[in-house]
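As the structure lists them, so they are numbered: ligands from 1, and atoms in each ligand from 1. As a basis for the values below, the full set of heavy atoms in this structure was taken, side chains included, without hydrogen atoms, waters or symmetry mates.
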Amino acid sequence: MKITIIHGQNHNGSSYQMGRLLVDQISGENEITEFFLPRDLNHFCLGCYRCIENDADCPWHEQKQAIVDAMEAANLLIFTTPTYCMAPSAPMKSLLDLTFTMWMAHRPRASMFLKKAVVLSTSAGSSTAGATKGISKSLFFWGVPKIYRYGASVQAMNWEGVKPKVKNKITKDTGRLAKKLSKNTPPRAGIKTRFMFAVMAAMQKANLSASPVEKQHWQAQGWLDKARPWKRA
Ligand SMILES: Cc1cc2nc3c(=O)[nH]c(=O)nc-3n(C[C@H](O)[C@H](O)[C@H](O)COP(=O)(O)O)c2cc1C
């Protein structure tokens, strides 16, 4: 299985370790590509909207494209982030901003409808839901049909400070998830994804898109007719 991991932090702390624990417990031959943010994408969206017409016109296209290509090539996407102010880290949020044209409202990538994703986060004491939901919302709108979220409050500033009992629980929980993922079964697009896709197709048909380029994208894939990205050839 091809796995692309995106860490919303440069350091190998608790969120990174949670991601490693998950990956290390996924059986089979796995090809892993890893990115660290901001090391591998050190920019914020400028709001210039140049990407609406052409992704390559984004000032940060080159760095961004390496990550998008690796995500497109993967069967499984894994995101890790510390919970910062009950939200994903700023560099992770920046990646989501810089990929907003991949939302179903714009020019979704067909490959996303065939992937699974896992969103992981650690916090000191609060819920991790704000961080994991913040990321999984983008993934849903990219079209990813199966998204797992898992978080743990570790009461620590780094992995060394995490108590053995908490580490054991994280190991067990990620192990259970890894067992499911090891089966490598193809995900099915659920009713929510299909419904959202139909709404966005209707929007494109009604010429309500941000640019004619978007409608051309939908037309070229046959999505304004009967073709659907989750249907395998
Ligand atoms: C800028 C910043 C904001 C934080 N915000 C929260 C928070 O909202 N809730 C919480 O429980 N912990 C918060 N923490 C603590 C971290 O989420 C926690 O230590 C986490 O396990 C760090 O993960 P890491 O080791 O992967 O960096 C914050 C830490 C920092 C540095």
Checking Lys137 against Trp103: charged group under 6.0 Å from the ring centre and within 45 degrees of the axis? no

Between Glu34 and Arg20 (salt bridge meaning N to carboxylate O under 4.0 Å), is one present in this structure? yes

Heavy-atom donor-acceptor pair, Thr132 side chain to Val119 backbone, under 3.5 Å: no

Option with minimal heavy-atom separation from atom 4 (C) of ligand 1, where the choices are Asn10, Thr122, Thr83, Thr80: Thr83

Short version for His11: what comes under 4.0 Å of ligand 1, heavy atoms counted, is side chain

Whether the side chain of Lys115 engages the backbone of Ala74 through a donor-acceptor N/O pair (distance < 3.5 Å, no angle test) should be reported. yes

How does Ser153 reach ligand 1, by side chain, by backbone, by both or by neither, if only non-hydrogen atoms under 4.0 Å count? neither

Check whether NZ of the Lys or CZ of the Arg Lys180 lies under 6.0 Å from the centre of the six-membered ring of Tyr148 and within 45 degrees of that ring's axis. no

Val154, portion touching ligand 1 at heavy-atom distance under 4.0 Å: side chain

Relative to atom 26 (O) of ligand 1, which among Ser126, Gly125, Ser15, Gly161 owns the nearest non-hydrogen atom? Ser15

Within ligand 1, which atoms have a heavy atom of Ala156 less than 4.0 Å away? 18 (C), 19 (O), 21 (O)

Provide the number and element of each atom of ligand 1 under 4.0 Å from a heavy atom of Ala124. 10 (C), 11 (O), 12 (N), 15 (C), 16 (C), 17 (O), 18 (C)

